[in-house]
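See below for the structure under consideration.
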Amino acid sequence: MKNGGEMAGLNVLLVDGDRVSAAQHTALLEGNGLRVTRAESLARARILLEAGRYDVAVVMAELPDGDGTQLVAPRNGGPPVVLMTEHGTVRGAVDAIRRGAADYLVCPVAAGELCEAASRAAAASGAPRETQGGPDALDGLIGADLRMAKVFDLIDAVAAARTTVLLTGESGTGKSLVARAIHRRSPRRSGPFVEVACGALPDTLLESELFGHVKGAFTHAVSDRPGKFAAADGGTIFLDEISTASPQLQVKLLRVLQERQFEPVGSIETRAVDVRVILATNHDLAAEVEAGRFRRDLYYRINVVNIELPPLRDRPGDIERLAAHFLQKYQAEAGRKLRGFDGEAMDRMRRYAWPGNVRELENCVERAVVLCRGATISRDDLPPSVARPGEAVLPKDHAAQSSGLKEAMTLPEKHLIVAALEAAGGNRQDAAARLGINRSTLYKKMKKHGLL
Ligand SMILES: Nc1ncnc2c1ncn2[C@@H]1O[C@H](COP(=O)(O)OP(=O)(O)O)[C@@H](O)[C@H]1O
Ligand SMILES: [Mg+2]
C-alpha cells in the first residue's frame, strides 16, 4: 500500500448495520493498520461520536434505523465522513458531497479505495472548501440557463472529492471545459491534468498510451514508457470518448478505478496511482451496456456522478451570451474592434439549431470576425447553414435553373457536406459520422465537389 505509513494508527468509526459487510470492511481497514470501532446503527454511532474521538467515520448510507447521510451534517468537532452505499446514485453522491461528505464510495469497495478514502478524508479535514464563482460563469464556462446553473452547481459540489465523474452530452457542448473546471476547483489543482482522446487511437495503442509499456512489449516499444495514468499521478485524468474502449481495456479500466492499480503493457510489476478519473462520452452508455458492448460493472463504477451537458438548442437563452463572449475573444485575436451583431444576424443565430453546439457557434463567430467588412456583423457574414436555413439542404432556385436533373441532384449533397463539416468544426471524422458515411467516402465526395 502506497501511503501505509500515513494511514497506520488512524481511528476509524465504521458504521455498518450488516454483519458480513462490516466484517469485510473492518478487515480491509485493519489490514492497513487502521484502528476500527464499529457501530451497527445510527443511534449507536451517535453515542460513540459523543463519547470518543475519531479521525474519520466510514458510514454505510443504508442503516437499519435510517439514512447514514445524517451523520454527515457538519457537527462541532465531528470527524470527516466517507459515505458508502450499496446503491450508488448521482443524487445520492451529489447530496452527500454537498452536505459535506469527504467521499462517496459504491460497494463493493476494494481495499486500496477504502483505505485511501479514509486517510485522505482524515488528512483533509479542516481544509476550507472552495467558494462559488459568479452566477452565470464558472472558469470560462458561460451559461445563464437554468440547466447550466445546475451544471455549475454539480461541478462545485463534486470538485472537492475524488469521486469519478461521467460527463455526457453531444459533441461541442463543453465536456472538455467542464472536466478542466472540476480539476481546477479540486484540491488536486496543482497536480497534472491529463487528457486522452480515447477515440483517436486504435485499441492496442490506447492501452499502452494509458498504462504505459516496457521496452520490448511490442515491435515499436524501443524503450519504457510510463503512460498517461502514471503522468496523471496526484492529479486528474480525463478520458474522452470512453465508449470506444475495447473489452480488454474495459477490464483494465475497471481495475484502475477500483484499486488505483495497473500493470504497464508487457510488465508484471504493479503500479499504484492516485488519480481522479473523469470520463466523457457522447454515446448513450446505458444503451451500449444493454447491447453488450460496454461492461455493466464498469458502467456502474463510472456512473457515480453524471453531469449532463444540455445541447445548445435546448438553451437558446445562452446563444447571445456565448456569441458575445466569442466575439470578444476573436476580435481581440484579430486585433479588431467590432460593434457586435446586427438584429438580423442575431435573429438567425437564435433560430438556428446548432447541431455542433457551442463549438459550431464558436466557429461561426470566428469566421464572421474574419469575413466582416463593416463595424457590425451581419447575416452575410454567417455560414449559409445559419444565414439561410432550409436553403442549404434544398436550394430551390438553383435546382430550377441548373441544366439537368443530375447536376441539380448533386447540389443538395454538396450543401449537406458543407453543413456537416461546419457543424463538426472542420473535423472530418465527426462530419462523416454526422452524415452516416465513412471518412474515405467523405473525402472522395469532398474532392468531387471541389471542397478540398
Ligand atoms: N459553456 C461554455 N462557455 C464557453 N465556451 C464553451 C462553453 N461550452 C463549450 N465551449 C467552447 O466550445 C468548444 C467546444 O467545447 P468542448 O468542451 O471541447 O466540447 P466537447 O468536449 O463536449 O466536445 C471549446 O472551444 C469550448 O471552449
Ligand atoms: Mg471534447
Side-chain angles (χ1 to χ4, degrees), residues 132-156 165-185 193-201 206 228 236-245 277-285 306-333 349 352-369 383 386 420-434:
Q132 197 138 353
D136 57 1
L138 183 145
D139 286 348
L141 277 155
I142 311 289
D145 186 275
L146 201 64
R147 270 159 291 205
M148 286 309 282
K150 275 196 192 133
V151 168
F152 296 165
D153 226 26
L154 279 170
I155 292 172
D156 222 52
V165 178
L166 176 64
L167 304 174
T168 49
E170 293 175 14
S171 179
T173 48
K175 299 185 293 298
S176 302
L177 216 52
V178 169
R180 277 177 194 281
I182 293 172
H183 173 71
R184 235 180 286 131
R185 300 173 84 77
F193 177 86
V194 176
E195 179 166 353
V196 187
C198 299
L201 291 167
L206 182 56
K228 300 285 192 190
T236 304
I237 192 165
F238 172 46
L239 307 177
D240 204 359
E241 300 165 61
I242 192 59
S243 61
T244 58
V277 185
I278 301 178
L279 308 101
T281 178
N282 51 17
H283 282 77
D284 181 355
L285 269 193
N306 176 203
I307 301 183
E308 168 120 39
L309 278 302
L312 187 55
R313 63 182 165 280
D314 287 354
R315 42 177 164 123
D318 280 348
I319 292 173
E320 192 165 346
R321 198 172 262 101
L322 282 162
H325 167 73
F326 293 129
L327 179 63
Q328 287 303 323
K329 176 176 167 187
Y330 287 105
Q331 69 175 6
E333 268 178 29
M349 288 169 54
Y352 183 60
W354 302 107
N357 294 295
V358 184
R359 179 177 292 116
E360 187 183 4
L361 174 61
E362 181 170 359
N363 293 334
C364 163
V365 174
E366 181 181 9
R367 176 181 185 276
V369 168
V386 182
L421 281 165
E422 263 163 13
N427 180 325
R428 285 181 201 167
Q429 180 79 55
D430 209 18
R434 279 166 194 281

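Order of appearance sets the numbers: ligands from 1, and atoms from 1 within every ligand.
Taking backbone and side-chain atoms together, Ser176 has an N/O/S atom less than 2.8 Å away from the Mg ion (ligand 2).
Gly169 does not count as a contact of ligand 1, since none of its heavy atoms falls under 4.0 Å from the ligand. Under the 4.0 angstrom criterion for non-hydrogen atoms, Gly140 is in contact with ligand 1.
Between the OH atom of Tyr330 and the CD atom of Glu366 there is a distance of 4.5 Å, given to the nearest 0.5 Å. Rounding to the nearest 0.5 Å places CD1 of Ile278 at 10.5 Å from OG of Ser176. In this structure, NE2 in His283 is found 6.0 Å from OG1 in Thr281, a value given to the nearest 0.5 Å. Here CD of Glu362 is found 12.5 Å from CG of Asn357. Values are rounded to the nearest 0.5 Å. Atom CG in Asp240 sits 6.0 Å away from atom CD in Glu195 (nearest 0.5 Å). Atoms CZ and CD1, from Arg180 and Ile155 in turn, are 13.5 Å apart once rounded to the nearest 0.5 Å.
For a threshold of 3.5 Å applied to N or O pairs, the pair formed by Arg315 and ligand 1 contains no separation below that value. Considering backbone and side-chain atoms together, Met148 places no N or O closer than 3.5 Å to any N or O of ligand 1. Polar contact with ligand 1: present for Gly174 (N/O pair, distance under 3.5 Å). Polar contact with ligand 1: present for Arg359 (N/O pair, distance under 3.5 Å).
Around NE2 of His325, the count of heavy atoms belonging to other residues, nucleotides or ligands within 6.0 Å exceeds 12.
The nearest protein atom to atom 23 (O) of ligand 1, hydrogens excluded, is given as Gly172 N, 2.7 Å; this is a heavy-atom distance. The protein heavy-atom contact nearest to atom 11 (C) of ligand 1 is Glu362 OE1, 3.5 Å. Of the protein's non-hydrogen atoms, the one nearest atom 2 (C) of ligand 1 is Ile142 N, 3.5 Å. Nearest protein heavy-atom contact of atom 10 (N) of ligand 1 is Val358 CG1, 3.4 Å. Nearest to atom 27 (O) of ligand 1 among the protein's heavy atoms is Leu177 CD2, 3.6 Å.
Partner Leu167 forms a side chain to side chain contact (heavy atoms under 4.5 Å, CB included) with one of Asn282, Ile307, Ile242 and no other, that one being Ile307.
Contact annotation: for Phe326 versus ligand 1, heavy atoms closer than 4.0 Å belong to the side chain alone. The proximity of Asp240 to ligand 1, defined as any non-hydrogen pair under 4.0 Å, does not occur for either the backbone or the side chain.
Listed by number with element, the atoms of ligand 1 under 4.0 angstrom from any heavy atom of Leu141 are 1 (N), 2 (C), 3 (N). Interface atoms of ligand 1 facing Leu322, defined by a heavy-atom separation under 4.0 Å, are 2 (C), 3 (N), 4 (C).
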Please assess Leu312 against Ile319 for the test side-chain contact (heavy atoms from CB on, under 4.5 Å), listing each intermediate value before the final yes or no. CA-CA 7 Å; Leu312 187 55; Ile319 292 173; 4.1 Å; yes
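The nearest pair of heavy atoms linking Pro383 to Glu422 is CB-OE1, 3.3 Å.
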